[in-house]
Amino acid sequence: MSDALHPRPRRVPDKPTVDGLEATWLVRWDENATYQFNRAATRDTVYSIDTPPPTVSGELHIGHIFSYTHPDVIARFWRMRGEDVFYPMGWDDNGLPTERRVENYFGVRCDPSLPYEEGFTAPDKAAAQKISVSRKNFVELCHFLTIEDEKIFKNLWRHLGISIDWSLEYSTISKLAQSISQRAFLEMLERSEVYSTVAPTLWDIDFRTAVSQAELEDRERPGNYHRVAFARADAEGVIEIETTRPELLASCVALVAHPDDERYRALFGTNVVTPLFGVDVPILAHELADPEKGSGIAMICTFGDTTDVVWWRELSLPTRALIGRDGRFLPVDFGSANWPSRDVEVATKFYAQLEGRTINQVRATVVDALRESGALIGDLRPITHPVKFYEKGERPLEIVTSRQWFVKTLEHRDELLARGDEIAWHPSFMKHRYRSWVEGLNVDWNISRQRFFGVPFPVWYPTDANGEVNFDAPIVPALSALPVDPSSEAPPGFDESARNRPNGFVGDPDVLDTWATSSLSPQIAGRWGTELFDAVFPMDLRPQAHEIIRTWLFSTVVRSHFQFHAVPFTNALISGWVLDPDRKKMSKSVGNVVTPLPLLEQHGADALRYWAASGRPGTDTAIDEAQMKIGRRLAIKMLNASKFVLGRLEGSPIPGPSEITTALDLDLTSLLAQLITESTALFEQYDYARSLERTEAFFWSFCDNYVELVKIRAYGESDDLSTRSARATLAVALSVLQRLLAPILPFVTAEVWDWWHEDSVHVAPWPTIDELPTRDVPEPGAVYGPICDVLEAIRREKSTQKVSQRAAVSICAVSAPKEFIAAIRSGEVDLKAAGGVVELTTTEAGDVTVVVTLDAS
RNA sequence: GGGCGCUUAGCUCAGUUGGUUAGAGCAGCUGAUUUACACUCAGCAGGUCGGGGGUUCGAGUCCCUCAGCGCCCACCA
């Protein structure tokens with residue numbers, strides 16, 4: 001223990017309080033740049049964290065406190081271990097959530113066909129009817145609102161004492177992020193890891209954009225089985241199918257049954273005729289047809305669900321698209337080769353009632369017509385079945401054919417699975433979620449979104465003399481020109497006047513999926529292309545919630561695998577959910593979302609962090625104000641205990657560890673060594689919760705037992721050896737405990753450490769056993785334990801007799817084994833002082849018995 | 001349909017490779033009282049460890065099985 005580590009106590013307040021600590025320390029940390037990353041650091045000394053950039057368009061909720069405390073605790077640990085901790089903060093502000101928030105907040109909607117309006121200001125209050133604005137105006141509003149939202153989020157993070165280096169702040173819509181996102185895309189294009197194609201795609205008809213498999217969500221919805229009869233084309237009789245989507249009848253391209261299904265085997269290769277529309281379709285065989293479902297033979301439409309897409313692809317069926325990008329029914333030409341109706345006039349006339357209508361409207365009309373025609377057999381059979389939704393959407397997804405960019409994830413599935421094994425998962429079982437997701441991938445990752453507030457695809461396409469677009473030969477910008485916006489900038493070699501003209505170009509109108517940019521968070525935070533990146537990549541830690549394993553975590557692995565042939569991070573720390581006090585998942589629709597600021601105000605940051613840190617990795621944790629109160633109590637206890645101990649150390653230099661000579665004191669330091677070793681190992685394993693539990697228990701025992709035992713002795717003359725031993729022990733124990741708790745309770749530990757040190761506890765060295773007297777102790781606690789046992793017996797007797805704990809004990813008679821007696825004899829002075837014992841007698845015996853005789857007077 | 005996790009005191013949770021009478025905090029109850037702390041201190045009480053079966057000298061801990069809760073994944077006509 002050096003003098004530098006434990007200088008003389010100073011400025012210990014008379015009445016310490018946790019109130020006001022946050023305001024004080026937030027300012028001091030800023031002034032002293034306590035958490036500043038060392039830009040000169042190299043990879044071998046860096047501990048880097050790939051902080052999750054939260055979606056700022058959402059509400060702040062208690063989950064933010066919970067899940068951001070965990071990596072901060074880890075960051076603080078490694079910083080004290082002497083690592084150069086790279087702990088940036090990003091905001092995920094691009095994408096649909098922001099657009100939706102802007103639409104609702106300002107009462108606007110984006111219409112890309114409108115011209116830009118200079119000096120446009122949004123109305124103060126959102127009108128009932130949304131105002132249409134140009135794309136540029138819309139994007140400006142998005143920028144404006146995200147900046148405001150980010151201030152609110154930043155305030156919470158700061159208030160919580162998250163030890164971020166704010167000079168490393170980034171946002172996913174920034175020029176920097178756009179450049180990196182576009183560069184990464186272009187490099188993938190160069191390596192043929194992405195491709196664009198026209199394909200059936202999951203489509204949200206409200207947001208009018210494609211979505212990816214990762215953004216899908218099943219929701220149980222009521223539906224009906226409709227039994228529909230198809231007349232056989234060249235024979236008598238009908239084939240009955242069951243469908244939940246009769247509105248798609250006009251898009252039917254085949255019926256399908258299992259190849260082994262005896263009922264239909266003879267029919268394979270023959271045709272049936274669709275009711276109402278009179279189109280001949282074949283009966284085909286495919287393994288995916290389930291004989292158990294419905295009538296065992298299904299109607300294939302283009303497209304009712306993803307199984308239809310599989311059948312369509314594998315059976316090489318034609319495409320008869322019905323549903324448009326807005327969810328309304330498209331025009332259809334029943335006379336055409338693609339739609340050969342036996343009775344064009346009837347089909348066309350009927351379809352006229354459907355064109356331009358919504359799905360629900362068409363369903364009602366078709367069902368009525370089927371019933372009238374006799375093709376609808378029996379009653380509808382109500383069912384509840386899972387329907388695919390966009391996770392942020394309100395109506396079921398449709399499948400719409402459109403041109404999209406895809407990342408080739410499927411053909412690299414095995415490599416991606418192997419990358420998952422390279423990551424250390426905390427807790428380890430979370431790896432299963434990654435594995436089952438990757439194993440279940442069935443389409444490539446669609447990264448195009450037909451939206452506005454995002455990173456544009458940095459490509460243009462040439463047009464030929466007829467104005468036809470050649471999508472196979474995209475024109476790309478120079479990397480030095482990034483970021484580019486192809487919708488407002490011309491490609492190299494062209495003038496803006498050639499836009500949308502024959503022998504000219506068109507800009508790609510789409511933006512990248514928001515995950516296609518946030519999956520580059522290590523590159524963005526680490527400023528890919530600069531020396532900084534080499535110092536921080538691959539990241540040491542990816543902290544995140546489990547529900548985004550399939551999105552953020554997976555997509556980051558994909559990007560890193562393709563770009564660097566490496567994992568993007570070596571550890572994944574997965575946090576659980578915060579549940580409401582009744583252990584229900586919090587959700588906006590249930591209305592049980594808890595906002596963090598009132599709790600933060602009421603209990604204090606350290607208290608909320610204590611609650612958060614008691615939630616183990618991956619474990620869902622209920623909001624528990626009682627737990628927050630305990631955290632606050634611990635912080636207050638730390639203030640008072642520090643004040644008391646430092647009070648005992650005032651007046652003369654603090655003795656060093658070599659002066660710890662008393663048996664009890666040496667034993668306490670042995671226990672302390674055990675605590676340090678254990679706590680350090682736990683932190684290294686990301687088990688901050690268990691470390692907290694052990695340290696907390698030790699701290700309370702230290703206060704209630706050890707400090708009580710030695711408080712008299714520590715008062716002695718400063719040249720007395722046993723006094724010096726007690727003071728040295730108190731000092732080293734307090735120092736260690738303050739530091740072990742610093743990652744969890746940064747405010748109160750900063751305060752108490754400051755009472756006797758020049759530098760911040762948060763850059764102080766993590767405690768090691770080298771600070772303690774060097775001893776090899778077979779059984780730590782061999783002295784402290786027995787002494788506490790006897791002390792407890794004395795306290796019990798006083799409690800039973802309902803007298804003050806200060807009451808005197810005339811005789812304390814202990815009979816116990818030899819070692820036990822030796823232990824308490826070695827601490828006799830302290831035991832007598834703490835217990836008010838006049839006389840201690842000891843007898844050797846097999847069992848431990850303590851007889852306490854209170855002083856009758 | 002496949003997979004993962006959880007089930008221990010009224011509540012929230014520990015219980016590390018199986019080892020003596022199962023732990024903590026909170027709540028409850030009984031007390032103490034003013035030289036660190038009432039946001040205190042001491043003490044007491046409270047559990048057949050979800051059910052059943054098995055392995056073992058010994059099971060909260062390992063195996064099988066069942067049940068409940070939660071979650072992830074799945075081609076759900």
Side-chain angles (χ1 to χ4, degrees), chain A residues 12 14-18 218 220 223 225-226 228 241-245 255-257 286-290 293-301 304-311 383-388 427 429-442 546-547 549-550 576-577 579 581 583-585 607 611 614-616 618-622 624 626-627 629-630 632-648 678 681-682 685 687 689-690 693-694 696-697 700 703-704 707-708 711 715 791-792 794-807:
Chain A
V12 180
D14 286 339
K15 268 276 174 198
T17 167
V18 292
D218 281 352
E220 289 289 333
Y225 272 126
H226 306 69
V228 179
I241 60 100
E242 291 205 321
T243 179
T244 55
R245 302 211 57 185
L255 302 190
V256 65
H286 194 280
E287 301 280 347
L288 279 184
D290 183 352
K293 265 182 200 144
S295 58
I297 185 163
M299 164 174 90
I300 305 176
C301 297
D305 62 29
T306 50
T307 315
D308 281 343
V309 178
V310 174
W311 282 324
I383 54 156
T384 303
H385 63 155
V387 177
K388 291 201 187 306
F429 64 78
M430 284 295 174
K431 186 159 107 178
H432 295 289
R433 301 214 176 178
Y434 177 85
R435 173 160 285 276
S436 65
W437 170 250
V438 178
E439 285 175 345
L441 288 173
N442 53 37
H546 54 61
E547 75 262 28
I549 288 175
R550 68 175 183 172
W577 272 327
L579 308 174
R583 298 202 64 78
K584 296 257 170 24
K585 187 186 166 185
W611 160 74
S614 61
R616 286 169 160 64
T619 306
D620 294 347
T621 303
D624 188 352
Q627 193 72 1
K629 286 179 185 153
I630 296 163
R632 188 176 171 88
R633 241 170 42 118
L634 177 61
I636 291 166
K637 190 73 174 180
M638 178 54 85
L639 286 175
N640 287 309
S642 297
K643 176 192 157 198
F644 180 69
V645 169
L646 293 177
R648 287 291 187 275
E678 193 175 15
L682 288 167
Q685 295 157 27
D687 200 347
R690 205 175 259 111
E693 194 178 281
R694 303 288 152 83
E696 185 187 12
W700 284 100
C703 291
D704 295 338
V707 173
E708 290 300 323
K711 68 202 292 185
Y715 248 153
L791 187 59
E792 193 184 318
I794 293 168
R795 285 167 171 169
R796 186 182 304 119
E797 182 63 18
K798 290 176 181 174
S799 251
T800 307
Q801 300 303 323
K802 301 188 177 183
V803 299
S804 164
Q805 289 297 328
R806 294 177 172 282

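The chains referred to below are lettered A, B, ... by the order of the sequence lines, with proteins before strands, and numbering in each begins at 1.
A side chain to side chain donor-acceptor pair (under 3.5 Å) check over residues 634-648 of chain A, counting only residues at least two apart or in different chains, returns the pairs S642(A)-Q738(A), R648(A)-Y715(A).
Across the protein-nucleic acid pair, R648(A) atom CZ and U35(B) atom P stand 12 Å apart, rounded to whole Å. Rounded to whole Å, the distance from NZ on K711(A) to P on U40(B) is 16 Å. Here C71(B) presents its P atom at 9 Å from NE2 of H546(A), a figure rounded to the nearest Å. Whole-Å rounding puts the R795(A) CZ to G43(B) P distance at 6 Å. For the pair D14(A) CG and U35(B) P, the interatomic distance rounds to 15 Å; values are reported in whole Å. Put simply, CZ on R796(A) is 15 Å from C1' on U30(B), counting in whole angstrom units. Distance I794(A) CD1 to G31(B) P: 23 Å, rounded to the nearest Å. In this entry the distance linking CD of E678(A) with C1' of U16(B) reads 9 Å, nearest Å.
With both ends at atom C1', the span from A27(B) to C44(B) equals 15 Å, rounded to whole Å. U17(B) sits 12 Å from C63(B) when the P atoms are compared, rounded to a whole Å. Spacing between A22(B) and U61(B) at atom P, rounded to whole Å, works out to 14 Å. Comparing G25(B) with A45(B), their C1' atoms are spaced 16 Å from each other, to the whole Å. Distance check on atom C1': C72(B) versus C13(B) gives 24 Å, rounded to whole Å. A gap of 7 Å separates the C1' atoms of A14(B) and A24(B), to the nearest Å. Between the P atoms of G50(B) and C11(B), the separation comes to 14 Å (whole Å). Comparing C75(B) with G70(B), their P atoms are spaced 23 Å from each other, to the whole Å.
Regarding contacts with the backbone of C37(B), every side-chain N or O of R633(A) stays at 4.0 angstrom or more from both OP1 and OP2. Contact between the side-chain N/O atoms of K431(A) and the OP1/OP2 oxygens of C72(B) is not found at any separation under 4.0 Å.
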Set out, in order, the CA-CA distance, both residues' side-chain angles and the distance that settles side chain to side chain contact (heavy atoms under 4.5 Å, CB included) for E696(A) and I630(A), then state yes or no. CA-CA 11 Å; E696(A) 185 187 12; I630(A) 296 163; 4.1 Å; yes
Check the pair S614(A), E693(A) against side chain to side chain contact (heavy atoms under 4.5 Å, CB included), reporting the backbone distance first and the verdict last. CA-CA 8 Å; S614(A) 61; E693(A) 194 178 281; over 6 Å; no
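Counting any heavy atom pair closer than 4.0 Å across all strands shown, W611(A) reaches no nucleic acid atom. When heavy atoms are screened at a 4.0 angstrom cut-off, K643(A) is found touching the sugar-phosphate backbone but no base atom. Using a 4.0 Å heavy-atom criterion, one finds that C703(A) contacts the bases of the nucleic acid, with or without backbone contacts as well. Within 4.0 Å (heavy atoms only), E547(A) reaches no atom of the nucleic acid at all.
In terms of the salt bridge (charged side-chain N to carboxylate O under 4.0 Å, His left out) criterion, D620(A) has no residue partners (sequence neighbours excluded). Residues meeting the side-chain hydrogen bond (donor to acceptor under 3.5 Å, both in side chains) test with K629(A), sequence neighbours left out: none. Contacts of E792(A) classified as side-chain hydrogen bond (donor to acceptor under 3.5 Å, both in side chains), with partners at least two apart in sequence or in another chain: R796(A). W437(A) meets the side-chain hydrogen bond (donor to acceptor under 3.5 Å, both in side chains) test with no other residue; sequence neighbours excluded. Remark: E708(A) pairs with K711(A) by the salt bridge (charged side-chain N to carboxylate O under 4.0 Å, His left out) rule, at least two apart or across chains. Take H546(A) and apply the side-chain hydrogen bond (donor to acceptor under 3.5 Å, both in side chains) test, not counting sequence neighbours, and it matches R433(A). Taking the salt bridge (charged side-chain N to carboxylate O under 4.0 Å, His left out) definition, one finds that E547(A) meets it with nothing, sequence neighbours left out. When the salt bridge (charged side-chain N to carboxylate O under 4.0 Å, His left out) test is applied to R245(A), the partners found at least two apart in sequence or on another chain are E247(A), E398(A).
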Any protein N or O atoms within reach of nucleotides 11-13 of chain B? Criterion: under 3.5 Å, listing atom names and distances.
residue : atom : partner : partner atom : Å
C13(B)  : OP1  : R583(A) : NH1          : 3.1
C13(B)  : OP2  : R583(A) : NH1          : 3.3

Could you write out each protein N or O paired with an N or O of nucleotides 73-76 of chain B at a distance under 3.5 Å?
residue : atom : partner : partner atom : Å
C73(B)  : OP1  : R550(A) : NE           : 3.2
C73(B)  : OP1  : R550(A) : NH1          : 2.9
C73(B)  : O2'  : S436(A) : O            : 3.4
A74(B)  : OP1  : Q213(A) : NE2          : 3.0
C75(B)  : OP1  : N442(A) : ND2          : 2.8
C75(B)  : O2'  : T307(A) : OG1          : 2.6
C76(B)  : O5'  : K293(A) : NZ           : 3.4
C76(B)  : N3   : D218(A) : OD2          : 3.3
C76(B)  : N4   : D218(A) : OD1          : 3.2
C76(B)  : N4   : D218(A) : OD2          : 2.9
C76(B)  : N4   : K388(A) : NZ           : 2.4

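Smallest separation of non-hydrogen atoms from D308(A) and I300(A): OD1-CA, 3.7 Å.
Side-chain N/O atoms of E797(A) and base N/O atoms of A42(B) include no donor-acceptor pair closer than 3.5 Å. The base of A32(B) does not come close enough to the side chain of S804(A) for any donor and acceptor atom to sit less than 3.5 Å apart.
Note that OH of Y225(A) is 9.0 Å distant from OG1 of T243(A), once rounded to the nearest 0.5 Å. Rounded to the nearest 0.5 Å, atoms CD1 (I297(A)) and CG (D290(A)) are 13.0 Å apart.
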For RNA chain B, produce a single dot-bracket line, 5' to 3'. Pairs: Watson-Crick or G-U wobble, both distances under 3.5 Å. Symbols: ( ) within strand, [ ] crossing, | other strand, . unpaired. (((((((..((((.....[...)))).(((((.......))))).....(((((..]....))))))))))))....
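Which of A36(B), C26(B), G5(B) sits closest to the side chain of I630(A) comes down to C26(B).
The nearest heavy atom of RNA chain B to R632(A) and to E708(A) marks one nucleotide each, and the one closer to the 5' end goes with E708(A).
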